[in-house]
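Model, not experiment: these values are computed from the prediction. Positions are given from 1, in the same order as the sequence printed here.
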Amino acid sequence: MMKRKLAGLLSMVLMCSLLAAGCGGSGGSEDEGASEKTDAEESKPTVTLMIEVGGFPGLELAVDMAQEKFPEYNIISKEWSIDGVKKAIKTTQAAGGDESIDIAFNSSTGILGFAESGLLTDLQPYLDEDSEWGGLFEESMLQSCTYEDDVYGIPWQAAYPVLVANADIFEELEIEIKDDWTYDDLMDVFEKLKENGYFGLGVSSGYNAWLLRQSYLNGFETEEELDAFNRGEVPVTDEKVVEAFDRVKALYENNYCYPGEGAIAATDDECKVGMTNGKIALYASTNSAATVLIEECGIENARIVNFPSFSNYSTANLLGAPDVYIVPSNASNPEAVKEVLKYLTSEEVLTAMANVGVVVPMKEVKTEDPSYSEYSKDMGRLHSHDFGNLSDEIGDYISTGTAVTNYLYDGEAALEELEQMRKTAVGE
């Protein structure tokens, strides 16, 4: 249980696009270990990894398996942090790359800047020469790492939101649980729940950005319109964008979110208390954390439900993106790096990771986890391109929940602030 909890916590961090610093590593990690290499180790090709986060069993397992698989290589594992990855890729290449890393991980949405600056290795040739390996992955997972027909990342985890339903509440009120609720459907359900003393949605303040992103990702009638918005070509004051904000605002104004007044600032612990006490019908979680939430809150009759589109259009885009392994363009020992990368994303390693709670990006997964099919069923809906990727400023404004909070208090000012960020990002 503890392993799955830790896996879920990391996936929630990654889901919010706020890649926090990893807290420790294990087994031969850090520079200290590198400075104590024996003569035998010095003679081996070195592959330096920055993928391991202490306490996250999936990545720890992957490192251990790689070190056991390749005794002919000196595989060094450094502690992961997003700042460490940025420094290792940008600073070391500018300085000549003497202290480079060979394989790191990042979200697929965070690698475009590296790729555009020529700081990453194009991995498409690796995939071309081994079609069986490339065929393991969901096409949408690889597509999210593709820029100008080149692939700059290999996926290892797919993180996205789901809803956990307390099915007892729905059965009591004779409400059908659906995987395809429209926004109007959902508002009708929430109103009936409210009339009977329940809250429709438990969502902590750190994740209200999910609601907004879902609302605008599905708030346009065509994918072409959405793509234009994500590229910054549509003003934030556009009617469709304002409607997306208003749909989220209504959830809070109607007190559909737990605990009612003040729900915009609700903590995860507060929401879990509400779920445990049987007051919340639907709880916003991540796919990897859903089972842990059910166990922690003691929900005996639970259902994992597709995260709604929060719109009334037929689109069903889902906020989310894979986390991927990347190879800096100045990586040393390229053949050794290629072998290790392919093994880290092999069926053997990804299956082992799935068995400890990681939702992996393979087309077919044979796992010991009986609930795996439930919290991985939405992988094909992922839409990794998002308006928040237009600039770090916009990304932070949305992903931290500031955009939603500010809109509740002063909608016009919030949109004006976001519109100025858009103009700055696109150079208007």
Side-chain angles (χ1 to χ4, degrees), residues 13-14 16-22 46-51 78-128 137 140-157 227-233 321-338 340-342 344-345 383-399 421-428:
V13 172
L14 302 181
C16 291
S17 301
L18 297 173
L19 299 175
T46 294
V47 178
T48 302
L49 310 178
M50 187 178 280
I51 67 172
K78 290 190 174 185
E79 177 183 337
W80 178 90
S81 74
I82 186 57
D83 289 337
V85 170
K86 289 179 179 178
K87 180 179 178 181
I89 293 178
K90 293 182 178 180
T91 307
T92 61
Q93 292 203 37
D98 292 336
E99 299 178 4
S100 180
I101 51 177
D102 297 308
I103 300 174
F105 86 74
N106 205 331
S107 68
S108 64
T109 58
I111 66 175
L112 175 58
F114 292 140
E116 289 179 332
S117 301
L119 299 177
L120 298 183
T121 299
D122 174 18
L123 305 175
Q124 185 63 54
Y126 296 0
L127 294 165
D128 290 341
F137 307 104
S140 62
M141 299 290 100
L142 283 176
Q143 189 61 40
S144 69
C145 314
T146 302
Y147 302 104
E148 298 183 353
D149 298 324
D150 295 326
V151 176
Y152 291 100
I154 303 297
W156 63 269
Q157 171 180 250
D227 289 343
F229 172 65
N230 286 335
R231 290 193 300 266
E233 298 168 6
D323 296 311
V324 301
Y325 294 127
I326 54 179
V327 177
S329 56
N330 64 336
S332 58
N333 303 311
E335 285 303 312
V337 169
K338 179 171 67 173
V340 173
L341 174 67
K342 289 177 64 175
L344 287 171
T345 52
H383 194 289
S384 58
H385 298 296
D386 182 85
F387 177 70
N389 301 335
L390 204 58
S391 72
D392 289 342
E393 186 180 27
I394 293 174
D396 288 345
Y397 190 73
I398 293 175
S399 64
M421 294 180 194
R422 182 196 69 83
K423 289 181 177 180
T424 299
V426 298
E428 288 187 5

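I103 has its side chain out of reach of M50: every pair of non-hydrogen atoms, C-beta onward, lies at least 4.5 Å apart. Residues L341 and Y325 meet the side-chain proximity criterion, which asks for heavy atoms closer than 4.5 Å. Contact annotation: the side chain of L344 never approaches that of I154 to less than 4.5 Å [non-hydrogen atoms, C-beta and beyond]. At least one side-chain heavy atom of F387 sits under 4.5 Å from a side-chain heavy atom of I398. Between R422 and E428, some side-chain heavy-atom pair lies under the 4.5 Å cut-off. Contact of the Y147 side chain with the E116 side chain is not registered, since no non-hydrogen atoms from C-beta on lie closer than 4.5 Å. Between Y152 and Q124, every side-chain heavy-atom pair lies at or beyond the 4.5 Å cut-off. Using a 4.5 Å heavy-atom threshold, the side chains of D396 and I394 count as separate.
The structure places CG of L123 at 9.5 Å from OG1 of T345, a figure rounded to the nearest 0.5 Å. Note that CD of Q157 and OG of S108 are 11.0 Å apart. Values are rounded to the nearest 0.5 Å. How far CG of L390 is from CG of N230: 8.5 Å, rounded to the nearest 0.5 Å. Taken to the nearest 0.5 Å, the CD1 atom of I101 stands 9.0 Å off from the CG atom of L49. Here CG of L142 is found 6.0 Å from CZ of F137. Values are rounded to the nearest 0.5 Å. Once rounded to the nearest 0.5 Å, the distance linking CD1 of I51 with CD of E79 reads 13.5 Å.
Here the closest heavy-atom approach between residue P125 and residue D122 is recorded as CD-O, 3.4 Å. Heavy-atom minimum distance, P328 versus I89: CG-CG1, 4.0 Å. G153 and I111 make their closest contact through N-CD1, 4.2 Å (heavy atoms, listed as atom of the first residue, atom of the second, distance).
Residue-environment remark: CG (D227) exceeds the threshold of 12 foreign heavy atoms within 6.0 Å. Within 6.0 Å of the CG atom in D149, the count of heavy atoms belonging to other residues, nucleotides or ligands does not exceed 12.
A donor-acceptor contact shorter than 3.5 Å links the side chain of S329 to the backbone of G118. Checking side-chain atoms of W80 against main-chain N and O of F105 turns up a donor-acceptor pair under 3.5 Å. Without hydrogens or angle criteria, T146 side chain to V151 main chain gives no donor-acceptor distance under 3.5 Å. Checking side-chain atoms of S144 against main-chain N and O of M141 turns up a donor-acceptor pair under 3.5 Å.
Side-chain N/O atoms of D102 and S332 include a donor and acceptor closer than 3.5 Å.
Just one of I326, N330, V327 meets the side-chain contact (heavy atoms from CB on, under 4.5 Å) condition when paired with L120; it is I326.
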